[in-house]
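What follows is a set of notes on a single structure, which appears directly below.
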Amino acid sequence: MRIDFFSAQKYDRQFFDALNHQQHQLHYWDAQLNAETATLAQGADAVCAFVNDQLDAACLSVLQQLGVRWIALRCAGFNQVDLAAAARLGLPVVRVPAYSPEAVAEHTLALMLTLNRHTHRAFNRVRENNFQLQGLLGFTLHRKTVGLIGTGQIGMATARILAGFGCRILAYDPYPQSELTALEGQYVSQAELFAQSDVISLHCPLTPENHHLVNAKSLAQMKPGVMLVNTSRGGLIDTQAALDALKSGQLGYLALDVYEQESSLFFRDLSDSLPTDDLLARLMTFPNVLITGHQGFFTHEALTEIAQVTLRNLEQLEATGRCDNQVGLL
Ligand code: NAI
């Protein structure tokens with residue numbers, strides 16, 4: 001089988017080549033997948049895409065015309081795919097539903113703790129022989145109320161860590177999990193979660209219904225000075241509203257591993273270019289904002305799992321025409 005990878009990075013090549021054992025023909029393209037770049041996949045049986053590739057109807061149609069038979073996402077989220085168009089075109093879409101949820105959960109905690117204890121600022125200060133503590137005052141996470149929006153694989157892994165910290169856990173999810181109650185967590189309404197939480201962490205997928213779940217109205221319902229952490233998808237937060245809330249002090253801390261406009265920025269070295277995203281540039285002026293470039297998943301274990309499951313998904317599709325990790329309407 002020939003598999004064409006889009007948005008391919010050096011580490012994709014490293015992990016996929018190591019597990020492929022030269023069984024399949026793997027072609028790696030730096031280009032992000034869209035209707036224009038899709039033509040690169042001429043001759044491919046399958047296309048392997050990542051979070052910021054744009055698998056809209058136009059792109060999927062080009063792929064189908066080229067003879068591509070399968071779409072394999074090397075990620076869990078599938079909001080970047082027009083699933084209705086894929087079904088119409090007869091293109092099965094598979095994904096990696098869970099690759100070390102703990103990796104993302106641990107990164108979530110890293111963001112919470114760094115922002116709270118100002119480790120990012122302390123690191124720079126100490127390197128300049130400034131050992132003053134003024135400005136580095138944090139809060140003890142123990143006994144604080146943390147609200148989790150979404151308690152699937154990653155939300156639950158985060159809840160388990162937070163339980164160890166001695167936090168009071170509130171959660172909102174249309175499909176509650178009994179494990180959360182076993183951790184002494186409590187399901188509440190979204191409004192109650194907003195009103196009571198000292199820290200709010202987002203762990204739900206991005207859907208048309210929850211686009212800008214965090215907006216001016218919901219930010220106003222939160223505790224003044226709340227910490228907001230998003231390791232899920234950028235579109236869950238109205239970034240302009242978050243910026244306004246930071247300026248007024250309503251939002252006390254903001255940690256982002258994902259950003260609404262990340263598709264033209266993340267996973268690239270833009271250090272030689274002029275900044276083009278005014279909103280992101282303004283966010284980065286705040287000492288209480290911490291941004292990482294979608295690295296929650298980025299551990300050795302998770303990349304191994306992603307490569308293993310992606311290759312297995314495609315082999316299953318080739319052998320049987322179906323796959324356990326298929327998403328969408330086909
Ligand atoms: P999952 O499918 O196991 O869990 C998602 C949970 O969210 C489900 O329990 C679902 O009922 C709930 N949910 C759906 N809509 C909701 C809403 N409007 N409000 C509250 N809860 C809602 O997914 P998993 O594996 O936990 O991943 C969550 C998200 O994390 C993914 O959709 C993806 O966007 C993001 N992610 C980020 C990564 C990173 O590197 N930063 C890596 C992997 C995933």
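Bear in mind the structure is a predicted one, so any value in this text is a computation, not a measurement. When a ligand or atom number is given, it counts from 1 through the structure's own listing order.
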Taking only non-hydrogen atoms of I149 and a 4.0 Å limit, the atoms of ligand 1 in range are 19 (N), 20 (C)
Would you indicate which of L213, N210, N230, L256 comes nearest to atom 17 (C) of ligand 1 when only heavy atoms are counted?
N210
Please evaluate residues H300 and F15 with respect to the criterion ring-ring contact (aromatic ring centres under 6.0 Å, His included), reporting the C-alpha separation (whole Å), side-chain torsions for both, the decisive distance (0.1 Å), and the verdict.
CA-CA 9 Å; H300 196 281; F15 281 83; 5.2 Å; yes
Heavy-atom gap S232 to ligand 1 smaller than 4.0 Å:
yes
Rounding to 0.5 Å, atoms CG (D257) and CG (L290) come to a distance of 9.5 Å
How close does the nearest protein non-hydrogen atom get to atom 4 (O) of ligand 1, and which residue and atom is it?
G152 CA, 3.1 Å
Is it true that E179 and R160 have a side-chain N and a carboxylate O under 4.0 angstrom from each other?
yes
Ligand 1 atoms in contact with G150 (distance to a heavy atom under 4.0 Å):
7 (O), 20 (C), 21 (N)
Rounded at 0.5 Å granularity, tell me how far CD1 in I169 sits from OG1 in T158.
9.5 Å
Give the atom numbers and elements of ligand 1 that come within less than 4.0 Å of a heavy atom of G296.
40 (O)
Proximity winner for atom 39 (C) of ligand 1, if only heavy atoms of H294, Q295, M156 are counted
H294
Please classify the I154 to ligand 1 contact at 4.0 Å (heavy-atom distances, strictly less than): side chain, backbone, both or neither.
both
All ring pair (Phe, Tyr, Trp, His ring centres under 6.0 Å) counterparts of Y28, not counting sequence neighbours:
F5
contact_flag P101 ligand 1 heavy-atom lt 4.0 Å:
no
Closest non-hydrogen protein atom to atom 33 (C) of ligand 1, residue and atom name please, with distance?
R233 NH1, 3.6 Å
Assigning hydrophobic clusters by single linkage (Ile, Leu, Val, Met, Phe, Trp, Tyr; side-chain heavy-atom cutoff under 4.5 Å), is M227 placed with I291?
no
I'd like to check atom 26 (O) of ligand 1 in this structure: does the protein have a heavy atom lying under 4.0 Å from it?
yes
Could you tell me the residue and atom name of the protein heavy atom closest to atom 22 (C) of ligand 1, and the distance to it rounded to 0.1 Å?
C204 CB, 3.4 Å
What's the shortest distance from atom 5 (C) of ligand 1 to any protein heavy atom, and which residue and atom give it?
P205 CD, 3.6 Å
Any donor-acceptor pair under 3.5 Å from N313 side chain to R95 backbone:
yes
Of all the non-hydrogen atoms in the protein, which one sits nearest to atom 28 (C) of ligand 1, and at what distance?
H203 O, 3.4 Å
Closest candidate by heavy atom, reference atom 20 (C) of ligand 1, pool F78, Y172, F298, F297:
Y172
Can you figure out which of T231, V104, T292, T299 has its heavy atom closest to atom 37 (C) of ligand 1?
T231
Between R268 (side chain) and S264 (backbone), is there a donor-acceptor pair under 3.5 Å?
yes
Would you please name every residue forming a ring pair (Phe, Tyr, Trp, His ring centres under 6.0 Å) with Y11, sequence neighbours left out?
F298
Test item, D173 contacting ligand 1 (heavy atom, 4.0 angstrom):
yes
Please state which protein non-hydrogen atom is closest to atom 43 (C) of ligand 1 and give its distance, to 0.1 Å?
Y99 OH, 3.3 Å
Here the gap from T292 atom OG1 to H107 atom NE2, rounded to the nearest 0.5 Å, amounts to 3.0 Å
Do D56 side-chain atoms and C59 backbone N/O form a donor-acceptor pair below 3.5 Å?
yes
Please report the shortest heavy-atom distance between L283 and L254, naming the atom on each side.
CD2-CD2, 4.1 Å
Look at atom 3 (O) of ligand 1 and say which protein heavy atom is nearest, naming residue and atom and giving the distance to 0.1 Å.
Q153 N, 2.9 Å
If you measure from each non-hydrogen atom of D257 to ligand 1, which part falls under 4.0 Å: side chain, backbone, both or neither?
side chain
